[in-house]
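Heads up, the thing below is written out as structure tokens.
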Amino acid sequence: MLLAGEVALVTGAARGIGLATVRLMLQHGAKVGLADIDETVGVATCSELQKEFSRNAATFIPTDVTDSMQLRRMFQTTIKEFGKVSIVCNNAGVADEQNWKKMIAVNMVAMMESTHLAVEFMSHTRGGEGGVVINVSSMGGILPMPFGPSYSASKFGIVGFTRSMTECLERDGIRVNCVCPEFTDTAMLATASMTSEQLEMVQSVGILQPEQVAEAILQLATDSSKAGAVMTVTMKRGIDFFLFPGDPGYSSKKSKL
Ligand SMILES: NC(=O)c1ccc[n+]([C@@H]2O[C@H](COP(=O)([O-])OP(=O)(O)OC[C@H]3O[C@@H](n4cnc5c(N)ncnc54)[C@H](O)[C@@H]3O)[C@@H](O)[C@H]2O)c1
Ligand SMILES: CCCCC/C=C\C=C\[C@H](O)C/C=C\C/C=C\CCCC(=O)O
């Protein structure tokens, strides 16, 4: 049991990558708080998971991650239920270029705020046990996305924030990493409005399964050597790490995708 005794909090947990991550963490023995804005699906999903695993292994916390009070309550509720939080997976996201300010609020501002709250609730310097934060970015946080510039900006923001926070969080006993998946088979991709050319591009790149991304997230959660990692998950290379100038082991050749 890789995660026995650990307590995870996953946002955007009602479906897609979030749900696959919750399921994998439960399989590995963690207790999990599922947070999502979609209360109907979240409650039903959590109830199924409780039947499959154990009644006291999972709890649903209705949360709009863009609401600071709800985000704080999400941490408080998980701690009340399970005694602590040791893994935070900031995964909730949207793809909506029309409402790009809202998208930045969900995809970037909320992930930043949740990371700051993780420090407040988990830091060694505040009496916590430390832990790990995994922010879900995207390959669109490394490569430009001409068909989704604001989405891409939100994901670039998460990569920059995560890398910049890494050193600050060392003294808190908190590792912070991000994962950058390629296109993944979820409702987000299925409902995105794309031209036939864009759809062709997606097909030619290939489509990951959410379980593959969940495996990558689990690896970041459990490998204590990883802090500030920018993990990529692609059809061509599987799980890999993107290195930037200045990173140990960087060479321009190695950082090609
Ligand atoms: N699907 C892809 O191709 C892909 C690729 C790379 C990265 N990602 C990222 O992975 C993450 C998960 O995406 P997915 O593909 O599973 O999408 P999804 O649409 O299947 O799931 C997203 C979940 O987030 C929830 N959510 C949305 N807004 C919220 C809010 N304000 N507060 C709380 N919950 C909210 C939704 O209700 C939903 O359950 C996102 O951050 C996305 O940007 C997705
Ligand atoms: C608002 C934009 C809609 C985008 C389509 C819907 C969801 C996809 C989200 C993913 O996060 C996108 C992932 C990867 C795209 C990034 C770069 C494209 C090139 C891929 C490659 O060659 O590896």
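This structure is a prediction, so every number in the text was calculated from the model and none was measured. The analysis underlying the following values was restricted to heavy atoms, covering all of them including side chains, and did not include hydrogens, waters or symmetry mates.
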Could you walk me through whether Cys180 and Val233 satisfy the side-chain contact (heavy atoms from CB on, under 4.5 Å) test, starting with their C-alpha distance in whole Å, then the side-chain angles of each, then the deciding distance to 0.1 Å, before giving a yes or no? CA-CA 6 Å; Cys180 298; Val233 192; over 6 Å; no
Does the pair Lys31 and Glu81 meet the rule for a salt bridge (charged side-chain N to carboxylate O under 4.0 Å, His left out), with working shown?
-> CA-CA 10 Å; Lys31 299 202 167 171; Glu81 186 81 18; over 6 Å; no
key: Step-by-step salt bridge (charged side-chain N to carboxylate O under 4.0 Å, His left out) determination, Asp247 to Arg163   = CA-CA 10 Å; Asp247 284 345; Arg163 295 179 65 224; 3.8 Å; yes
Step by step, work out the side-chain contact (heavy atoms from CB on, under 4.5 Å) result for Val32 and Phe82.
CA-CA 9 Å; Val32 186; Phe82 298 129; 5.8 Å; no
Practice task
Take Met201 and Phe147 through the side-chain contact (heavy atoms from CB on, under 4.5 Å) test and state the conclusion after the steps.
Solution key: CA-CA 11 Å; Met201 183 274 288; Phe147 51 101; 3.3 Å; yes
Trace of the side-chain hydrogen bond (donor to acceptor under 3.5 Å, both in side chains) decision for Thr11 with Asn91: CA-CA 5 Å; Thr11 70; Asn91 163 75; 5.3 Å; no
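Here the side chain of Asp185 pairs no donor or acceptor atom with the backbone of Ile207 at under 3.5 angstrom. Listed for the Asp64 side chain is a donor-acceptor partner under 3.5 Å among the backbone atoms of Thr66.
Clustering ILVMFWY residues whenever any of their side-chain heavy atoms sit less than 4.5 angstrom apart, transitively, puts Met111 in the very cluster that holds Ile104. Under the 4.5 Å side-chain contact rule for hydrophobic residues, Leu117 and Met122 share a cluster. Side-chain heavy atoms closer than 4.5 Å link hydrophobic residues (I, L, V, M, F, W, Y) into clusters, and following such links, possibly through other members, connects Leu208 to Leu19. Met188 and Val41 sit in two unconnected hydrophobic clusters of ILVMFWY residues. Membership requires side-chain heavy atoms under 4.5 Å apart, directly or through other members.
With rounding to the nearest 0.5 Å, the separation of CD in Glu182 from CG in Leu189 is 11.0 Å. To the nearest 0.5 Å, atom CG of residue Leu49 and atom CG of residue Leu26 are 6.0 Å apart. Of the inter-residue distances, the one linking Glu113 atom CD with Asn90 atom CG reads 10.5 Å to the nearest 0.5 angstrom. Expressed to the nearest 0.5 Å, how far CZ of Phe183 lies from CG of Leu199 amounts to 9.5 Å. A distance of 10.0 Å separates CG in Leu9 from CE in Met25, rounded to the nearest 0.5 Å.
Pairs engaging residues 190-219 under the salt bridge (Lys or Arg N to Asp or Glu O under 4.0 Å) rule: none recorded [sequence neighbours left out]. Among pairs with a residue in residues 34-56, those fulfilling salt bridge (Lys or Arg N to Asp or Glu O under 4.0 Å) read Arg23-Glu52, Glu48-Lys51, at least two apart in sequence or across chains.
A salt bridge is absent between Arg175 and Glu170; no separation between the charged side-chain nitrogens and carboxylate oxygens falls under 4.0 Å.
The minimum heavy-atom distance between Ala118 and Val133, with the atom names listed, is CB-CG2, 3.7 Å. For the pair Ala229 and Asn177, the tightest heavy-atom approach, listed with the atom from each and the gap, is N-OD1, 2.9 Å. Closest non-hydrogen pair, Ser114 versus Met74, comes out as OG-CE, 4.1 Å.
Between His28 and Leu24 there is a side-chain heavy-atom pair separated by less than 4.5 Å.
The aromatic rings of Phe75 and Phe121 lie parallel to each other, their planes meeting at an angle below 30°, with 60° marking the opposite boundary.
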